[in-house]
Every structure is written in C-alpha cells, then in structure tokens.
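All values derive from a computational prediction rather than experimental measurement.
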Amino acid sequence: MAAGKATFVLVPGHWLGAWAWDQVAADLRAAGHEVRAVTPAGQAERADEAAPGTDVDGQADDLVRLIVDDDLTGVVLVAHSGANMAVTGAADRIPERVARIVYVDTGPMPSGLAGIDFHDPASRAELERAVDEHGDGWRLPVPAFDPDQDPANLAGLTGEHLAAMRERGTPQPFGTVTQALTRPDPVPATPRTLIASTIPLAAVKQMGESGHPVFSMMTGPGWTYHELPTGHWPMLSRPRDLAALLAEAAAGGA
C-alpha cells in the first residue's frame, strides 16, 4: 500500500450487508485505498448463519478472524450505527492491528452496557415486543423504513434506497442488540473519529462533557470529529462525501 493510502474495513449497522457500502468503497478504491466491506455474521447474505445465540461477541470474533486471517495491519475500522458494538469489541481484541476506529453516526458503549440500553424504556419495550411477536423471540424484524414515520433518520434517501433497504434487509439477531461488551480496563488508546450525521457535534460534546454515560465515551483525548448533516445512512444518502471524510479521518485530519 502506497504512502498516504489506508486499509479500510467497513461494517454496516443492523439489517444490512456489505452492499450498503458499494459507492463509498468504490470511491475509496478509486483513490488508491484498500477496502474490505464486511457483512456481519447473521446479516444479509449471511442470514442463514443467524441463530438465537448470535451475539456481539460472535460478530466481534468474526471481524477479528477476517483481519487476522488476511493479515491486515494499520486498519481503519469503520462502524455504522449498530456495528459499533462488534467493531469496538474487535478493536479491543487486536489493538495492534487497528490504526483508527471511525464511528459513523454512532459511538462506543461503556463496558457493561448493551446497544438496547441506549434506548428509552418506551422504545426498548417496542423493540422487545416486535421480537416476541414477529421475530420468534430472537430476531428483530426489518423496520418499515417509512420516511413519514422517521423523517430525520431517513433524510436524504431516495425511493430506490428505501426499497433496497426493505428488500435486502434481513432480521437482526437480537443478541447483537441485547449483549453488552466487557471492555478492558484501561481501553486501548486507539485513535477514534466520530462522523456525526443526525446529532450535531455541539450536542454530542455538550452531553459528553456533562457526564452522559454514553456520550462521555465520545469525547476527550484521542478523538477527532467531522459533521456530515444528513439522515442516519450517509453511506447511501451522501456516499461520496462520506468517502472523502473517511479518507481524511484515515490521514488524521479533523
């Protein structure tokens, strides 16, 4: 890999597969970077691997195997949304191979907290009810992705994008939502970047500095920041802008 070029591992959030990164990956490759877009175990074309026991640790171990088996080093490990858990867990396990973690509209959870703990009690109960009633007790169904119901998160997406998310999305193993990470103490001092889309950076920093248990993990030494105003899926709504910011983050820019 030439000087100034990076090795990216791109991980999508819940329900989606590597396909969600197609345009971002193409732009990064065109700029000379090495790119692996990953489908987490139990999602998309790997849905047949899903089982009631599929959880955060399993997806994190799967990422570790990919990176180690392919002997990747200096990795820029990119997490979108719910992939924050598996990506953080993998980076904790092999910090010597990870040059930077980039969180796209998401962030690391503190040790002992699960993704579902980020939800308020009402939305948590709604998720649990959907799993019980429509997911056989262990799968989180694909959302409706209805822009009338969720205009902020779905901002910038075309009808084609929404159709692809509905048609290509697969139920999410609920263990990846409910299992907490047990993180090392201290956590590795891997450089981290936040690319914020749906929450303004000023709000992220204010909540972090006020001691919010999640947002406090997203401030302090080792962090750089970018803002990319759009909905929650910038790899679809603003892929070229996201690719440019990922390349900048890999170079250490803020």
Side-chain angles (χ1 to χ4, degrees), residues 1-41 43-46 56 59-108 161 168 188-197 218 222-228 230 232-254:
M1 189 62 60
K5 306 306 180 184
T7 299
F8 289 93
V9 174
L10 310 176
V11 190
H14 294 160
W15 307 293
L16 305 186
W19 64 268
W21 295 103
D22 282 353
Q23 185 62 62
V24 172
D27 282 11
L28 289 171
R29 290 183 182 120
H33 301 291
E34 181 177 353
V35 182
R36 309 292 177 91
V38 176
T39 294
Q43 295 176 219
E45 73 274 12
R46 300 181 65 186
V56 167
Q59 289 193 336
D61 288 341
D62 189 65
L63 273 176
V64 168
R65 280 193 295 274
L66 168 75
I67 292 168
V68 172
D69 289 352
D70 289 355
D71 196 24
L72 303 181
T73 57
V75 171
V76 179
L77 191 50
V78 181
H80 170 251
S81 190
N84 65 329
M85 299 295 286
V87 162
T88 301
D92 283 346
R93 289 160 168 74
I94 48 169
E96 70 282 359
R97 291 180 178 267
V98 180
R100 180 173 296 274
I101 311 168
V102 182
Y103 292 97
V104 179
D105 219 35
T106 190
H161 291 142
R168 302 183 72 175
T190 307
R192 290 141 288 164
T193 296
L194 169 64
I195 299 177
S197 293
M218 300 162 65
W223 280 94
T224 58
Y225 301 94
H226 297 278
E227 205 161 35
L228 183 60
T230 186
H232 187 55
W233 283 270
M235 70 278 286
L236 298 176
S237 61
R238 295 184 64 179
R240 290 188 164 151
D241 293 328
L242 179 56
L245 288 180
L246 290 174
E248 187 175 344

Write down the atom of P239, the atom of V24, and the distance for their closest heavy-atom approach.
-> O-CG2, 3.5 Å
Report the residue from L242, I195, L245 that forms a side chain to side chain contact (heavy atoms under 4.5 Å, CB included) with P234.
-> L242
Verify, without hydrogens or angle tests, whether E227 (side chain) and A196 (backbone) share a donor-acceptor contact under 3.5 angstrom.
-> no
In short, A25 meets V35 closest at the heavy-atom pair CB-CG1, 3.8 Å
Minimum heavy-atom distance between I101 and A91, given as atom pair plus value | CD1-CB, 3.5 Å
Please answer whether the main-chain N or O of G17 pairs with a side-chain N or O of Q43 as donor and acceptor at a distance below 3.5 Å.
-> no
Separation of T193 OG1 from W223 CH2 (nearest 0.5 Å) | 8.0 Å
With T88, which residues qualify under side chain to side chain donor-acceptor pair (under 3.5 Å), at least two apart?
-> Y103
In terms of ring plane angle, is the pair H232 and H80 parallel, tilted or perpendicular, where the classes change at 30° and 60°?
-> tilted
R100 pairs by side chain to side chain contact (heavy atoms under 4.5 Å, CB included) with which of L77, T224, V75?
-> T224
Between P108 and M218, which heavy-atom pair has the shortest distance, and what is it?
-> CD-CG, 3.9 Å
Measure the spacing between NE2 of H226 and CG of L194 and express it to the nearest 0.5 Å.
-> 9.5 Å
Minimum heavy-atom distance between L228 and S197, given as atom pair plus value = O-OG, 3.0 Å
Search all heavy atoms of P95 against all heavy atoms of P188 and return the closest pair with its distance.
-> CB-CB, 3.8 Å
Around atom CZ of R29, are there more than 12 heavy atoms of other residues, nucleotides or ligands at under 6.0 Å?
-> yes
Under the salt bridge (charged side-chain N to carboxylate O under 4.0 Å, His left out) rule, what pairs show up with a residue in residues 67-94, not counting sequence neighbours?
-> R36-D70, D57-R93, D61-R93, D71-R97, D92-R183
Who are the side chain to side chain donor-acceptor pair (under 3.5 Å) partners of R238, not counting sequence neighbours?
-> D241
